[in-house]
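Right, one structure below, let's go through it.
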Amino acid sequence: MLRVYLVVASHPSYRSSFFSTGTRGYRNVLYFQETRITSFHIYLLAVAMPWPPHVIRAFEIASQNGSTIEAEYYLPYNYLLMHLFPPEEGFLVHPQHPRRDDEGRLNYVNFTIIFVILYPQKPVLFLEVKPGDFIRSRPARRGADRQMRGRFSDFIESVEIPTIYGLSAIGTNLCIYTQDRETGYIQPELILGDRDYSIDIAPANRWNLDVLTPQGEEQLRNVATHVKNMCA
């Protein structure tokens with residue numbers, strides 16, 4: 001989505017606000033032109049808006065407490081998934097799916113919400129959300145990675161398309177996982193630990209895709225397109 005702004009300001013310092021990394025709307029400026037008429041500064045800029053306004057607004061609200069509370073991100077990710085996989089195309093966003101324990105029983109004690117995309121009643125993609133502070137914690141990232149791989153075990157016997165996608169969200173940062181239905185192979189591959197060495201088996205740079213950037217939008221739309229092509 002592209003938005004064009006015409007801004008009139010009385011002081012040139014206003015220019016810096018267009019490129020502030022703290023402002024979601026203006027940090028992705030694609031075109032900028034400045035003109036001065038008498039004492040006024042005229043700015044024309046085109047801004048990349050990765051998602052519809054209600055999605056952006058939901059993420060902005062979530063960011064206020066989302067560093068420590070994962071539930072703050074449930075609404076924006078629900079909006080985002082429904083935008084990518086609309087019900088009129090036959091997809092269903094299922095926001096609750098309890099994790100099974102090692103004996104195959106549904107675990108309602110350590111309950112967490114994930115989002116499962118079904119088509120028509122079979123899983124094609126899932127997303128699991130963690131608070132933003134997880135990105136700075138090695139044990140937290142390790143747990144998130146382990147949980148994602150466990151989710152694939154839950155779904156693989158129900159999968160009918162060649163590849164199922166899993167999205168691990170830590171705040172607005174994503175790591176994209178896939179599993180091949182035939183081989184069971186999961187990417188990114190598992191990093192094995194070693195009792196004699198301190199090895200980061202879930203490095204932070206795996207969550208290097210910011211959902212609120214043009215690059216994040218492009219990657220997620222590519223994922224959605226691939227899933228839809230497999231479902232066709």
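Sequential numbering from 1 along the given sequence is applied to the chain's residues. Remember, predicted model here, so these are calculated numbers, not experimental data.
- Considering every non-hydrogen atom in both Gly166 and Met148, the closest pair reads C-CE, 3.5 Å.
- Ionic pairing of Glu60 and Arg57 is present here: one or more N-O contacts between side-chain nitrogen and carboxylate oxygen are shorter than 4.0 angstrom.
- Contact of the Gln147 side chain with the Glu128 side chain is registered, since non-hydrogen atoms from C-beta on lie closer than 4.5 Å.
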Please report the C-alpha distance between Ile56 and Leu212 in whole Å, then the side-chain angles of each, then the deciding distance to 0.1 Å, and finally whether the side chain to side chain contact (heavy atoms under 4.5 Å, CB included) criterion is met. CA-CA 8 Å; Ile56 296 294; Leu212 295 180; 3.9 Å; yes
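- Within the 4.5 Å cutoff, no side-chain heavy atoms of Arg181 are placed close to those of Ile161.
- Looking at Asn222 and His226, their side chains never come closer than 4.5 Å, going by heavy atoms from C-beta outward.
- Residue Ile170 comes nearest to Pro131 through the heavy atom pair CG2-O, 3.3 Å, listed as atom of the first residue, atom of the second, then distance.
- Atom CD1 of Ile117 is separated from atom CG of Leu84 by 8.5 Å, given to the nearest 0.5 angstrom.
- Of all non-hydrogen atoms in Arg149 and Pro188, the two that sit nearest each other are NH2-O, 2.7 Å.
- Using a 4.5 Å cut-off on side-chain heavy atoms (C-beta onward), Leu220 and Leu167 make contact.
- Annotation: the span from Asn208 atom CG to Cys175 atom SG amounts to 7.5 Å, rounded to 0.5 Å.
- Taken to the nearest 0.5 Å, the SG atom of Cys231 stands 12.5 Å off from the NZ atom of Lys122.
- When atom types are taken as modelled, the side chain of Asn229 and the backbone of Thr225 share a donor-acceptor pair closer than 3.5 angstrom.
- Ser67 is listed as a side-chain neighbour of Asp133, based on a closest heavy-atom distance under 4.5 Å.
- In this structure, the separation between CE on Met82 and NE2 on His54 is 8.5 Å, given to the nearest 0.5 Å.
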Step by step, would you call Val211 with Leu80 a side chain to side chain contact (heavy atoms under 4.5 Å, CB included)? CA-CA 10 Å; Val211 70; Leu80 183 60; 3.4 Å; yes
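- Screening residues 117-137 for ring pair (Phe, Tyr, Trp, His ring centres under 6.0 Å), with sequence neighbours left out, gives Phe91-Tyr119, Phe126-Phe152, Phe126-Phe155.
- Annotation for Glu189: atom CD does not count as buried by contact number, only 12 or fewer foreign heavy atoms lying within 6.0 Å.
- In this structure, Trp51 and Gly216 approach most closely via the heavy-atom pair CZ2-O, 4.5 Å.
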Could you walk me through whether Val93 and Asn78 pass the side chain to side chain contact (heavy atoms under 4.5 Å, CB included) test, one step at a time? CA-CA 8 Å; Val93 179; Asn78 188 43; 3.5 Å; yes
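- Summarising the geometry, atom CG belonging to Leu92 is positioned 6.5 Å from atom CD belonging to Gln121; distances are rounded to the nearest 0.5 Å.
- Asp145 and Arg141 are not joined by a salt bridge, as no carboxylate oxygen comes within less than 4.0 angstrom of a charged side-chain nitrogen.
- The CD1 atom of Ile201 sits 9.0 Å away from the CZ atom of Arg206 when rounded to the nearest 0.5 Å.
- Using a 4.5 Å heavy-atom threshold, the side chains of Ile186 and Thr178 count as separate.
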Residue pair Lys228, Phe85: steps toward the side chain to side chain contact (heavy atoms under 4.5 Å, CB included) verdict: CA-CA 9 Å; Lys228 292 175 182 179; Phe85 299 96; 4.2 Å; yes
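- Contact detail for Ile156 and Gln179: the closest heavy-atom pair is CD1-OE1, 3.4 Å.
- You'll find the side chain of Trp207 reaches within 4.5 Å of the side chain of Ser168, heavy atoms only.
- When side chains are defined from C-beta on, Phe115 does not count as touching Leu125, because their heavy atoms never get closer than 4.5 Å.
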Evaluate the ring pair (Phe, Tyr, Trp, His ring centres under 6.0 Å) criterion for residues Tyr79 and Phe59: first the C-alpha distance (whole Å), next the side-chain angles of each, then the deciding distance (0.1 Å), finally the verdict. CA-CA 10 Å; Tyr79 281 164; Phe59 273 106; 9.2 Å; no
